[in-house]
Amino acid sequence: MEDTIAAISTIVGESALNVIKVSGKDSIEIVNKIFSGKDLSNVKSHTIHYGFIMDGNEKIDEVLVSIFKTPKTYTREDVVEINCHGGISITNKILEILLLNGCRMAEPGEFIKRAYLNGRINLVEAEAVSDLISAKTETARRIGIKGLTGESSKLIKDLREDLLSLIANIEVNIDYPEYEDAVVVTKDLIKEKISGMIYKLKEIISKSENQLLIKNGIKVSIVGKPNVGKSSLLNKFLNEEKAIVTDIEGTTRDIVEGSIILNGVEIKLIDTAGIRETDNIVEKIGVEKSYKAIDESDLTLFVLDNSRKLSKEDEEIFNNIKNKKVLIIVNKSDEKQELDLSKFKKFEIINTSTKTKDGIDSLKNKIIEMFNLGNLELNDYTYLSNSRQISILKESLNIANNILKKSEEEVDLLEIDIKILWEKLGEILGETYKDDLLDEIFSKFCLGK
């Protein structure tokens with residue numbers, strides 16, 4: 001991190017302003033070489049200065065330059081932000097001049113990676129920035145801000161502090177047995193502490209998984225045999241003509257997607273191709289995609305035709321999805337009933353008519369109920385909301401369970417596993433990390449972040 005990096009931090013296009021960010025030990029010196037105005041090497045930190053960006057004797061643009069001196073900066077390095085006029089040509093020209101004068105083009109996410117490596121933020125807070133940028137709903141924004149402000153990190157820090165206190169007392173017991181003020185760590189005490197840790201880990205995992213679902217949105221696949229009204233259901237749910245609807249079986253041969261916001265959460269609806277045996281190669285591909293969509297969904301809407309008897313195709317589809325989270329949608333409820341529903345007594349059933357739009361509100365309310373979206377404003381968003389973080393939590397839970405199983409071993413042997421648990425939890429915050437993991441995480445950010 002000895003070099004100085006630069007990148008455009010705003011979306012390049014026709015706009016009032018664009019921002020080019022520069023970070024590194026030579027950032028002020030480099031910008032000062034191409035700036036006509038005050039001598040930037042002598043100005044105070046957190047100040048803004050008017051002038052021009054120059055290419056030799058040629059004025060390139062009229063700008064405002066913001067100076068931020070280490071350590072109170074985004075990256076804990078000297079940072080300069082050049083506010084120029086919006087426009088592709090102007091912005092790229094200034095970036096080109098910076099690169100010719102000693103800057104290097106920043107890699108994706110490199111600014112925030114430097115903030116992490118320089119100790120300004122931990123890994124949970126860094127990943128929360130990505131959550132905020134990609135947030136599509138108010139709920140997702142709330143989750144992101146909890147991570148960014150360190151409230152989510154505190155959950156893990158508290159667990160690690162409890163473990164560290166236990167480790168420290170074991171060390172004192174071993175090295176200074178004559179020290180009377182130290183807590184005597186017995187096998188029973190370790191068992192009690194680890195049991196409490198397991199309870200806390202399970203609670204955090206459960207609430208974090210729910211939060212991850214809310215943040216990412218709920219995937220709902222609409223499945224059934226051809227011509228039962230899947231595409232019509234999608235259109236009525238979205239209140240727009242998203243999918244083509246005809247009376248011809250097999251009209252939908254590929255995945256059609258749409259989304260709406262329910263109670264602050266994005267509901268991602270997937271209209272699948274009608275599932276049936278077919279020799280048509282295109283339709284076969286569509287059926288394969290349908291089954292893949294089912295596997296990746298949080299909820300499956302199994303659509304049946306009220307005006308037709310249950311068929312072999314219906315039963316085959318049902319047998320493939322019955323162990324998943326399923327809602328039975330009985331469509332065409334305005335027509336004469338021919339459908340025997342006795343097979344589905346254990347499942348929630350919603351009657352709909354895509355001609356009259358009956359049952360659509362009931363369906364939405366049922367989804368709200370199933371995923372507990374009714375009182376989101378009362379939810380505590382101070383949990384983890386990242387697949388990487390939750391995966392490490394589950395690994396930590398396994399380690400804790402193993403310690404509990406071995407709780408009759410000698411205390412000094414149990415301490416080895418307790419240290420492993422402490423280190424594993426540190427991976428969530430980035431206290432311990434591998435370089436390839438960091439590269440993967442920060443590569444998902446845009447260039448100017």
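Residue numbers run from 1 in the order of the sequence given. Every heavy atom of this structure was used, including side-chain atoms; hydrogens, water molecules and symmetry mates were not.
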Is it true that a side-chain atom of [X] and a backbone atom of [Y] form a donor plus acceptor pair closer than 3.5 Å?
X	Y	result
Ser396	Ile392	yes
Ser27	Gly24	yes
Thr47	Lys44	yes
Lys268	Asn216	yes
Asp298	Lys219	yes
Asn118	Arg120	no
Ser391	Arg388	no

With rounding to the nearest 0.5 Å, note down the distance linking [atom1] in [X] to [atom2] in [Y].
X	Y	atom1	atom2	value
Asp55	Ile60	CG	CD1	4.5 Å
Arg160	Ser153	CZ	OG	11.5 Å
Glu127	Ile112	CD	CD1	9.5 Å
Arg76	Arg114	CZ	CZ	15.0 Å
Leu393	Ile204	CG	CD1	6.5 Å
Lys33	Asn101	NZ	CG	4.5 Å

Show your working on salt bridge (charged side-chain N to carboxylate O under 4.0 Å, His left out) between Lys25 and Asp78 and close with a plain yes or no.
-> CA-CA 6 Å; Lys25 61 184 180 65; Asp78 286 343; over 6 Å; no

Is the count of non-hydrogen atoms from other residues, nucleotides or ligands lying under 6.0 Å from [X] atom [atom1] greater than 12?
X	atom1	result
Ile48	CD1	no
Lys394	NZ	no
Lys69	NZ	yes
Ile11	CD1	no
Phe52	CZ	yes
Lys200	NZ	no

Start with the C-alpha gap between Glu110 and Arg104, add the side-chain angles, then the distance that decides, and say whether salt bridge (charged side-chain N to carboxylate O under 4.0 Å, His left out) holds.
-> CA-CA 11 Å; Glu110 191 170 0; Arg104 169 177 65 76; 2.6 Å; yes

Quick check on side-chain contact (heavy atoms from CB on, under 4.5 Å): which of [options] does [X] satisfy it with?
X	options	answer
Val80	Ile28, Thr4, Leu98	Ile28
Tyr383	Gln211, Gln389, Glu151	Gln211
Phe371	Val265, Leu299, Val220	Leu299
Thr91	Val19, Asn18, Asp61	Asn18

A side-chain contact here means heavy atoms from C-beta on lying under 4.5 Å apart; do [X] and [Y] qualify?
X	Y	answer
Asp417	Lys406	yes
Met197	Ile403	no
Arg141	Leu132	yes
Leu301	Val223	no
Phe35	Leu40	yes
Val411	Lys187	yes
Leu233	Val303	yes
Tyr74	Phe111	yes

When you check the gap from the basic side-chain N to the acidic O, do [X] and [Y] get nearer than 4.0 Å?
X	Y	result
Asp412	Lys419	no
Lys230	Asp271	no
Glu427	Lys424	yes

Is there a donor in the side chain of Asn398 and an acceptor in the side chain of Asn401, or the other way round, less than 3.5 Å apart?
-> no

Does the side chain to side chain contact (heavy atoms under 4.5 Å, CB included) test come out yes or no for Glu81 and Val65, once each step is laid out?
-> CA-CA 6 Å; Glu81 291 184 354; Val65 174; over 6 Å; no

List for me each residue that meets side-chain hydrogen bond (donor to acceptor under 3.5 Å, both in side chains) alongside [X], sequence neighbours excluded, and say none if there are none.
X	value
Asp26	none
Glu266	Ser259
Ser195	none

Derivation and outcome, side chain to side chain contact (heavy atoms under 4.5 Å, CB included), residues Thr186 and Leu189 = CA-CA 5 Å; Thr186 63; Leu189 180 60; 3.6 Å; yes

Going through the distances and angles, do Asp162 and Lys193 end up as a salt bridge (charged side-chain N to carboxylate O under 4.0 Å, His left out)?
-> CA-CA 9 Å; Asp162 289 344; Lys193 293 285 187 184; over 6 Å; no

Assess Lys38 against Tyr50: is NZ or CZ under 6.0 Å from the centre of the six-membered ring, and within 45 degrees of the ring's axis?
->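 Cation-pi check for Lys38 and Tyr50: fails.
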
Please assess Ser41 against Asp39 for the test side chain to side chain donor-acceptor pair (under 3.5 Å), listing each intermediate value before the final yes or no.
-> CA-CA 6 Å; Ser41 62; Asp39 181 356; 2.7 Å; yes

Evaluate the salt bridge (charged side-chain N to carboxylate O under 4.0 Å, His left out) criterion for residues Lys366 and Glu369: first the C-alpha distance (whole Å), next the side-chain angles of each, then the deciding distance (0.1 Å), finally the verdict.
-> CA-CA 5 Å; Lys366 178 54 67 175; Glu369 178 189 323; 3.3 Å; yes

For Ile156 and Leu384, run side chain to side chain contact (heavy atoms under 4.5 Å, CB included): C-alpha distance rounded to whole Å, both residues' side-chain angles, the deciding distance at 0.1 Å, then the answer.
-> CA-CA 9 Å; Ile156 307 305; Leu384 305 179; 4.0 Å; yes

For Glu348 and Leu327 the tightest heavy-atom approach is CB-CD2, 3.3 Å

Under the side chain to side chain contact (heavy atoms under 4.5 Å, CB included) rule, what do Lys325 and Thr300 come out as? Steps first, then yes or no, please.
-> CA-CA 6 Å; Lys325 187 172 279 192; Thr300 300; over 6 Å; no

